[in-house]
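Here the structure is laid out as structure tokens; the discussion comes afterwards.
Treat the numbers as computed from the prediction; the structure is a model and nothing was measured. Counting convention: from 1, in listed order, for ligands and their atoms alike.
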Amino acid sequence: MKSKIKEIHQQLVSKEISCTNLVQGKLKLLKQNTHNTVNYLLDSLALELAKKVDEKIAKGETIGLLEGIPFGVKDVFMLQGIPTTASSKFLKNYKSSYTATAIQKLLDAGAIPIVKENCDSFGHGSSSENTIFGAVKNALNPALVGGGSSGGSAVNVAKEYTVFSIGGDTGGSIRQPAGYNKVYGLKPTYGLISRYGLIAYASSTDCVGPIATSIEDIRIVLNTIRGKDVRDQTTYASDEILADSSSRTSTIKTVGYYSSFVKSDAISPETKASFLATIQKIKEKGIKVKELDFFNADVLVSTYYTLAMAETASNLSRLDGTNYGKRIDGDNLKESYAITRSENFSEESKRRIVGGNQVLSQGFSDEIYIKAQRLRNQISSRFSKDFLEVDVVLSPVTPATPPKIGESLKNPLAMYLSDAYTVGFSLGELPTLTIPNGTETGLQITADKKNETQILQFANFLNDIL
Ligand code: GLN
């Protein structure tokens, strides 16, 4: 796929289309869509910004590459004056008091936000069914889930309702829905993009990233939103990813894959066969392939969920109806908190808050929380060792194809296990890109920290050979 951003930019500059018409068209598609991708349409803001772009073009002024490009925002990012609900009952009426850094950078580049997108509430889920706005339906088959938690964003991109969308990925929430809807989605190295203004789920793995229909568009957006931010101490300064780094020749000499992923009981025979066929094609191109030993999926999933639940319990403790959310009064303060929180949080979020508080409580924290931290360190050391031997690691995105709508809600444990291939890379803070080919739900390309360039390069190479 070629860059949609560049294509639209050319059409705007040559006056083949007007920005107002472009934005109106996308808003209409979003309004009419039956996939439940929309929490809130930004019509007046978007049309006002589009008018300004048209005026600039009419005056013969030059416009930047992202100027006038309509994009979607997962409804967990602040945009001043606009509702940010996190798809939850709790924040149903909350209006953002400031703008997230990543979104501000896009606004500064002239891109136009057109929609706040449906997702699993507070990022809790893998199907985008845990939301007050109705289950997100898959772009390719509406009987199936859109994936989660950034389901609305991936479906909007796949249906071309938005040119690109900004998602959040804590344990797979960009990569998994990208795979389920056959588009590209990147979770960058932890700290490449500021989390300021993203409603925190698990702060130690929360990442911001783009979903798009081409590798080039991923690169363009990534370059715009990355960078050190004084408001997020975990960010670092980074170099621009250059266009020629997305060239067709692979500088990748050795590719690794995890035998435990392929041998897992959970993997469907189709995913396994297509993944191994992809590995074969890579070998035939003269690239060395190394089978690596790794932790079993259940270790990765339990380590991730132990830590994610602990962190979300702590992060969400601020929601008690006092500063945020609709307060429901009880007989005393303690009761008011209890009623407010039990009425406003979803079943899935409550499960995680209860689990997380248990993990952190005295008498349990050594046994469970500290043990999970230790395992996380071991996982990270294993990655460091592996990247001495291979340039990138290739893996399926999910063990199987998207479930039917309703299935995940009935079986949360099965839903947690469907994250088996994504959560490990989150714990390792590694950059990972989902590409929409190689298996039924795509492939993940992972490199060592700060090696996004290598990933994009290899993605282009794979695009040519698969
Ligand atoms: N499905 C995973 C979870 O529910 C990942 C979600 C995410 O990345 N926000 O924790």
N/O donor to acceptor pairs below 3.5 angstrom from side-chain atoms of residues 172-180, sequence neighbours left out:
unit_1 : atom_1 : unit_2 : atom_2 : d
S173   : OG     : S149   : N      : 2.7
S173   : OG     : S149   : OG     : 2.6
R175   : NE     : D169   : OD2    : 3.0
R175   : NH1    : T422   : O      : 3.0
R175   : NH1    : Q444   : OE1    : 3.0
R175   : NH2    : D169   : OD1    : 2.9
R175   : NH2    : T422   : O      : 3.4
R175   : NH2    : S426   : OG     : 2.9
Q176   : OE1    : G148   : N      : 2.9
Q176   : NE2    : S126   : O      : 2.8

Is the distance from the ring center of [X] to that of [Y] below 6.0 Å?
X: Y258; Y: Y421; result: no
X: Y40; Y: F133; result: no
X: Y416; Y: Y304; result: no

Requested in this report: Kindly write out the residues that satisfy side-chain contact (heavy atoms from CB on, under 4.5 Å) with L409, not counting sequence neighbours, or none if the list is empty.
Outcome: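 Only E129 meet the side-chain contact (heavy atoms from CB on, under 4.5 Å) criterion with L409.
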Return all side-chain donor-acceptor pairs below 3.5 angstrom for residues 358-365, not counting sequence neighbours, or 'none' if the list is empty.
unit_1 : atom_1 : unit_2 : atom_2 : d
S361   : OG     : Q358   : O      : 2.7

Contact table, ligand 1 N/O with protein N/O, distance under 3.5 Å:
unit_1   : atom_1 : unit_2 : atom_2 : d
ligand 1 : 1 (N)  : G125   : O      : 3.0
ligand 1 : 1 (N)  : S126   : OG     : 2.8
ligand 1 : 1 (N)  : D419   : OD2    : 2.9
ligand 1 : 4 (O)  : G125   : N      : 3.0
ligand 1 : 4 (O)  : Y305   : OH     : 3.3
ligand 1 : 4 (O)  : R352   : NH1    : 3.0
ligand 1 : 4 (O)  : R352   : NH2    : 3.0
ligand 1 : 8 (O)  : T170   : N      : 2.7
ligand 1 : 8 (O)  : G171   : N      : 2.7
ligand 1 : 8 (O)  : G172   : N      : 3.4
ligand 1 : 8 (O)  : S173   : N      : 3.1
ligand 1 : 8 (O)  : S173   : OG     : 2.7
ligand 1 : 9 (N)  : G123   : O      : 3.0
ligand 1 : 9 (N)  : S149   : OG     : 3.3
ligand 1 : 9 (N)  : S173   : OG     : 2.7
ligand 1 : 10 (O) : Y201   : OH     : 2.5
ligand 1 : 10 (O) : Y304   : OH     : 2.7
ligand 1 : 10 (O) : R352   : NH1    : 3.2

